[in-house]
Structures are given as structure tokens and as C-alpha cells.
Amino acid sequence: MADSHHLFDAPPHPFELYMKRDFSGPISVVASRTIKPVKYYLIDFDLSKEYPPGGPPRLEEPPWGGDKTVPEHLLPDAPPCDPFPVDGDECRKGRKGFEFMRELVDDMTNPDPLKRPQMSEAVARLTVIINGLSDWQLRSPIVELDRQIKVTTFIRHWSKQLFRKARGIPSIPKI
């Protein structure tokens, strides 16, 4: 769940994007997530389990969660396996703009869960990748693979980024 109330002039409707909660008209964006970072709350612990550090192997019967395209979920009568390597599988969904981390995403989505990096290793590798990118690369738009970006959208995006750069607003929010 995201607390994004400070980004809009009125509370947004939960299902109708760009509409006020009371349907009295469209909402206006007054700030970006870069200027005023959004607070995220973890609220759904229905499938959650706590595993003690250094305890026995974490083995669970699949499936867990909603994404059924994970390799472990596609096996008939899949054996119990560690649920944590599945978390990285969400990264493989196609978007332009993430080419710089293709090797990490490929490793995180390896069909063999035992060959996937642990989350601590993935975070360390991502930090190295991000630190190696220029500010302009970090400000580049993210586009779905099957979509073309309109010229007006492209111009609007880079106009905002130039304005933010001139004002000294970082490309990655600092919390």
C-alpha cells in the first residue's frame, strides 16, 4: 500500500486513475515521487511466514502468491522448494530502460532456483550497477516493450527531467 496523498490536490479514487475519490472532477498532480517520496507499507501477510536465521532449510510447497509463471509453479507435482528465490522472478517482465541490468535480471530469473543469487547479493550487485550509471541514464523513461513512446510524451518527460536537474532534485529519491 502506498501513502501518496501529498502528490495530489485531493485524495485520488482507488480504481479510477486521475479522478478525485468523490468523483467531483479530475485530480491534479502537485508533486512527483522524486520531490516528495511515497511511503510504502507492507500490508498483506496472508502468505507470509517467519523463518528464524540459521534455522532449518526453508522449504514450501508451491504455489505462493499470484504470479504462476515462475518456473517452480509450472512443474507438475513440484517438490517443496525455497520461496525466496521466487521474489526475483518478477523482474523479468519486459520493459525498455532496464537493459543496464539485464545480466542481473537473467541471473535472478534462472530456471534453476539454486543458481539464483541470494537477495543480499542481488542488492549488492544492483547498488554497483546504479552507482555506475550517469544521472541522465537514471532519469531515462521506462517503457513497456510492446509500446512506442509518443513524441509529446518524450518531450514532456525530458522537460520535467531538465527542470528537476536545474533545481538540483536527485534522480533517485533520498529518504
Side-chain angles (χ1 to χ4, degrees), residues 1-50 64-67 83-109 117-175:
M1 182 170 76
D3 178 10
S4 59
H5 73 278
H6 58 273
L7 301 181
F8 305 103
D9 63 345
H13 191 276
F15 304 114
E16 292 293 329
L17 297 177
Y18 310 110
M19 183 60 71
K20 291 181 183 177
R21 184 174 291 156
D22 62 1
F23 284 102
S24 63
I27 59 169
S28 296
V29 177
V30 295
S32 77
R33 290 177 290 182
T34 308
I35 297 169
K36 294 191 175 190
V38 173
K39 287 185 182 179
Y40 293 93
Y41 299 93
L42 302 175
I43 61 169
D44 187 3
F45 294 102
D46 188 40
L47 297 173
S48 300
K49 287 191 174 183
E50 184 176 356
W64 334 270
D67 185 2
F84 288 97
V86 171
D87 287 342
D89 202 61
E90 192 62 28
C91 297
R92 78 189 185 313
K93 308 248 185 313
R95 305 247 195 270
K96 291 180 192 171
F98 289 114
E99 295 82 9
F100 60 90
M101 55 187 275
R102 172 60 40 213
E103 185 178 331
L104 176 59
V105 171
D106 288 346
D107 288 348
M108 291 178 69
T109 59
Q118 293 292 315
M119 195 52 66
S120 58
E121 180 190 342
V123 169
R125 287 175 59 186
L126 180 61
T127 301
V128 169
I129 291 169
I130 289 172
N131 289 338
L133 296 175
S134 72
D135 188 55
W136 292 111
Q137 287 172 304
L138 292 170
R139 293 177 187 275
S140 295
I142 304 301
V143 183
E144 291 182 30
L145 283 177
D146 58 345
R147 291 208 169 171
Q148 293 291 327
I149 189 167
K150 294 179 184 176
V151 173
T152 54
T153 304
F154 184 80
I155 291 170
R156 186 171 60 242
H157 171 82
W158 284 111
S159 298
K160 285 181 185 178
Q161 296 309 317
L162 286 169
F163 178 74
R164 291 175 182 157
K165 179 88 171 158
R167 288 185 55 204
I169 298 168
S171 53
I172 298 178
K174 305 285 189 235
I175 298 177

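Just so it is clear, the structure is predicted and the values come from calculations on it, not from any experiment.
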Flag yes if more than 12 heavy atoms outside Tyr18 fall under 6.0 Å of its OH atom; otherwise flag no. no
Taken in chain and number order and not counting sequence neighbours, the residues that satisfy salt bridge (Lys or Arg N to Asp or Glu O under 4.0 Å) with Glu16 are none
Residues Leu104 and Ala122: closest non-hydrogen pair is CD2-O, 3.9 Å
Taken in chain and number order and not counting sequence neighbours, the residues that satisfy salt bridge (Lys or Arg N to Asp or Glu O under 4.0 Å) with Lys165 are Asp135
Do Asp106 and Glu103 have side chains that approach each other closer than 4.5 Å (heavy atoms only, starting at C-beta)? no
All N/O donor-acceptor pairs, side-chain side in residues 149-158, below 3.5 Å, sequence neighbours left out:
| from | atom 1 | to | atom 2 | distance (Å) |
| --- | --- | --- | --- | --- |
| His157 | NE2 | Arg139 | O | 2.6 |

Rounding to 0.5 Å, atoms CH2 (Trp136) and CG (Leu162) come to a distance of 4.5 Å
| query | Going by heavy atoms in the side chains, are Phe8 and Val29 under 4.5 Å from each other? | reply | yes
Note: Pro117 and Arg125 closest approach over all heavy atoms is CG-NH1, 4.3 Å
Query raised in the report: Hey, is CZ on Phe163 packed in by over 12 heavy atoms from elsewhere, all under 6.0 Å?
Result: no
Rounded to the nearest 0.5 angstrom, the NZ-OG distance for Lys20 and Ser28 is 7.0 Å
Taken to the nearest 0.5 Å, the spacing of Met108 CE from Met101 CE works out to 7.0 Å
Heavy-atom nearest pair, Val38 first then Asp3, reads CG1-O, 3.5 Å
